[in-house]
Amino acid sequence: MTADPMTLSRELSGPVSSEAVLEAYTDSVMNTFGLPKRVFVRGEGCYLWDAEGRRYLDLLSGLAVNALGHAHPTVLSAVTGQIATLGHVSNFFATPSQVALAERLSSMTGASEARVFFTNSGTEANEAAFKITRMTGRSTIISTEGAFHGRSMGALALTHNPKYRLPFEPLPDEVIFVPYGDAEALASVVDETVAAVVLEPIQGENGVVVPPDGYLARAREICDQHGALLWLDEVQTGMGRCGSWLVHIDQGVAADIVTVAKGLGNGFPVGACIASGQASRLLGPGSHGSTFGGNPVAAIAGLAVIAVIERDGLLDQAKELGDHLQRTITQLSHPLITGVRGRGLLQAVILAEPIAAAVVDAALAAGFVINAPHPDVLRLAPPLIISATELDSFVNILPSLLDHVAQESL
Ligand SMILES: Cc1ncc(COP(=O)(O)O)c(C=O)c1O
């Protein structure tokens, strides 16, 4: 392969066949994700194109990431402008965009004192949060059944699924799992030995599970009673996905630690651990670090995303479109659909049978990208810039996808 940039980009964006790429994939990329179902070569707005030129409506946004869709002009010009000016300097030095993003994220928490540790992913944001909790002098963490917080050894210790955990044990221990959404279960385990309670405001990977109203507020009270930190993992739910910057703020709840990533950079890898008050002072020089975290390009990507979401009123739009999606799917009254749940543009269609994986394949064949976090759950996390008409195109075809799969497999 050439090192000449013009030739390199032609080689990568020129004609390739999916078959050839997938054959090479198997021999060159570790098999942690299974064989990819498509090879995508281009994206624009809410659409993706595969190597054979077929177009797909992206209703997954790279797993709740591309809030502004693909190749958004503002993100593009912010990122290219920044990399042309100053791409990276390490955390021995500060840059204006890094500080501006830290201020912006801190202000989203509503806390009078908040500080940010920047990372490249949600997992790393949670690792930073985990380390903060250890600095309290207490070590027990309360997590929840069904929780997903990442796959590094620390984040995995807080992730519940035994399939992910068991091959890698021993993990950091002193983690207690309680049923999600059950505030009294939480109350029964939190005491003066607990450093933190970590919760997703909505469990994304567990199938978009929405807790009962008041759950986060009650968790706040329980933490306050025992001097434990409330750590909210908004990696999937935050940054506008559910119709607000942060779900817990929308519910009037304050957290001590908030982690975000995914939608923050619209595909540029950036995550953040935002701590408030006393928790924002627990990590000192040498206690944590990251070479890339908060580099100026990642930071400007985050600032650009926030600016566009604000300018284009995408928080309200996400709420309205989420309600529209719930309503129109419910109105289908399809016998294989037992419910729709979620907030804003993080929604799940609950199926009466464990056929979600086959429905995902049928949707792909019909030109729609969705996913199945559970055998009986379809997840929809489209770009926040999507239109009601585009969502309707999926809702209209959903009954025939379900019927087709039912005919083939039930
Ligand atoms: C709630 C939550 N936390 C953490 C993570 C891990 O984030 P990442 O994959 O960016 O490391 C995810 C990813 O799905 C997530 O949904």
Side-chain angles (χ1 to χ4, degrees), residues 30 32-33 60-67 105 117-133 141-161 163-165 168 171 175 177 180-181 196-211 215-216 219 230-242 244-248 255 257-274 290 292-294 298 301-302 305 341-348 370-374 377 379-381:
M30 282 192 204
T32 52
F33 300 101
L60 189 60
S61 310
L63 268 177
V65 167
N66 298 89
L105 292 173
F117 180 85
F118 283 114
T119 67
N120 314 290
S121 68
T123 298
E124 290 170 76
N126 284 334
E127 287 293 335
F130 201 154
K131 284 179 102 172
I132 291 174
T133 70
I141 297 191
I142 311 301
S143 184
T144 54
E145 292 171 8
F148 186 89
H149 298 292
R151 314 273 201 130
S152 61
M153 297 300 271
L156 190 55
L158 310 168
T159 292
H160 183 246
N161 193 334
K163 194 176 88 187
Y164 301 154
R165 300 169 58 88
F168 303 103
L171 296 164
V175 179
F177 292 95
Y180 183 70
V197 171
V198 56
L199 298 171
E200 294 158 84
I202 294 171
Q203 284 187 330
E205 293 309 293
N206 196 30
V208 191
V209 178
V210 183
Y215 179 58
L216 297 184
L230 179 61
W231 159 11
L232 296 177
D233 178 346
E234 295 245 19
V235 166
Q236 186 155 159
T237 51
M239 302 315 302
R241 170 74 25 215
C242 297
S244 55
W245 290 122
L246 297 167
V247 170
H248 66 281
I257 308 178
V258 185
T259 46
V260 294
K262 286 192 183 281
L264 177 56
N266 207 55
F268 205 93
V270 51
C273 170
I274 315 158
S290 167
F292 294 123
V305 168
R341 65 184 180 217
R343 292 280 181 277
L345 286 175
L346 181 61
Q347 297 286 340
I370 59 174
N371 101 314
H374 266 263
V377 178
R379 176 171 42 186
L380 305 173

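Here the structure is a predicted model, which means the values were calculated and not measured. Note that ligands are numbered from 1 as they come in the structure, with each ligand's atoms numbered from 1 the same way.
Looking only at protein heavy atoms, the nearest one to atom 11 (O) of ligand 1 is T123 OG1, 2.5 Å. For atom 3 (N) of ligand 1, the closest heavy atom belonging to the protein is D233 OD2, 2.7 Å. Among protein heavy atoms, the minimum distance from atom 16 (O) of ligand 1 is reached at Q236 NE2, 2.8 Å.
Using the six-membered ring where Trp is involved, W231 and F130 have ring planes that are tilted, between 30° and 60° apart.
Taking 4.0 Å as the cut-off, K262 counts as a neighbour of ligand 1 on heavy-atom distance.
Heavy-atom contacts of N126 reach the following atoms of ligand 1: 3 (N), 4 (C) (cutoff under 4.0 Å). The atoms of ligand 1 that sit less than 4.0 Å from any heavy atom of S121 are 10 (O), 11 (O). Proximity to E200 (heavy-atom distance under 4.0 Å) selects the following atoms of ligand 1: 1 (C).
Under the salt bridge (Lys or Arg N to Asp or Glu O under 4.0 Å) criterion, no residue pair touches residues 145-161, with sequence neighbours excluded.
Considering each of A125, G122, A261, the one bringing a non-hydrogen atom nearest atom 7 (O) of ligand 1 is G122.
Among all heavy-atom pairs drawn from G122 and V235, the shortest one is CA-CG2, 3.7 Å.
A salt bridge links R379 with E205; the closest basic N to acidic carboxylate O contact falls under 4.0 Å.
Using a 4.5 Å cut-off on side-chain heavy atoms (C-beta onward), E200 and H149 make contact.
Distance check: Q236 CD to Q203 CD gives 10.5 Å after rounding to the nearest 0.5 Å.
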